[in-house]
Amino acid sequence: EQLVESGGGLVQFGGSLRLSCVASGFTFEVKSVGWFRQVPGQEREAVSCLSRDGARETTVHRESVEGRFTISRDDATNTVYLDMRLLSPADTAVYYCAASPLSLRGACTRSSKYNFWGRGTQVTVSS
């Protein structure tokens with residue numbers, strides 16, 4: 001099982017980026033996906049997550065990105081997206097995607113609940 005992130009880069013204050021995370025090799029349904037970010041010397045924090053439980057989907061965003069970031073998934077291409085807009089230097093970090101076979105619902109913000117992680121993609125927002 002593998003998760004590969006892409007789409008990071010350098011963007012100016014107020015700009016937008018779309019991060020992608022492609023999943024491959026999974027032999028089970030990935031029911032919960034999350035985007036996390038980490039700055040050197042700080043703990044990894046949840047950004048946005050999406051959990052599927054049958055027909056019901058739960059989406060959670062951290063407060064500081066609410067209204068600016070959108071998480072979505074395309075099952076046809078096994079891709080999870082994080083659309084980010086109105087970026088600020090506070091959003092600078094390495095962004096990681098994570099996957100779990102469980103329907104985590106609101107607990108999808110907890111990094112300890114995920115079994116699979118990508119290697120991350122750097123997002124840098126200049127002021």
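Side-chain contact between N115 and E1 is absent, with no heavy-atom pair separated by less than 4.5 Å. In this structure, V125 and V123 have side chains that are in contact, with non-hydrogen atoms separated by less than 4.5 Å. Looking only at side-chain heavy atoms (C-beta outward), T58 and L50 stay at 4.5 Å or farther from each other. Residues S6 and T121 form no side-chain contact, since every pair of their non-hydrogen atoms from C-beta on lies 4.5 Å or further apart. Proximity of L82 to M84: side-chain heavy atoms (C-beta onward) are separated by under 4.5 Å at one or more points. Contact check for T70 versus Y81: no side-chain heavy atoms found under the 4.5 Å cut-off.
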> Run the side chain to side chain contact (heavy atoms under 4.5 Å, CB included) check on C49 and V60 step by step: do they pass?
Replying inline: CA-CA 5 Å; C49 58; V60 183; 3.7 Å; yes
>> The test is side chain to side chain contact (heavy atoms under 4.5 Å, CB included); show your working for I71 and T59 and say whether it passes.
In response: CA-CA 8 Å; I71 185 171; T59 302; 3.5 Å; yes
> Between E45 and R62, is a salt bridge (charged side-chain N to carboxylate O under 4.0 Å, His left out) present by the stated rule, with each step listed?
Replying inline: CA-CA 9 Å; E45 62 182 25; R62 72 180 299 105; 3.5 Å; yes
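When each of Y95, Y96, Y114 is checked for a ring pair (Phe, Tyr, Trp, His ring centres under 6.0 Å) with F36, only Y114 meets the rule.
The number of heavy atoms from other shown groups lying within 6.0 Å of CD (E66) is above 12.
Judged by distance alone, the side chain of S16 and the main-chain N or O of R85 form no donor-acceptor pair under 3.5 Å.
S32 and S100 are not linked by any side-chain donor-acceptor pair at a separation below 3.5 angstrom, with hydrogens and angles left out of the test.
S103 OG to K31 NZ: the interatomic distance, rounded to the nearest 0.5 Å, is 4.5 Å.
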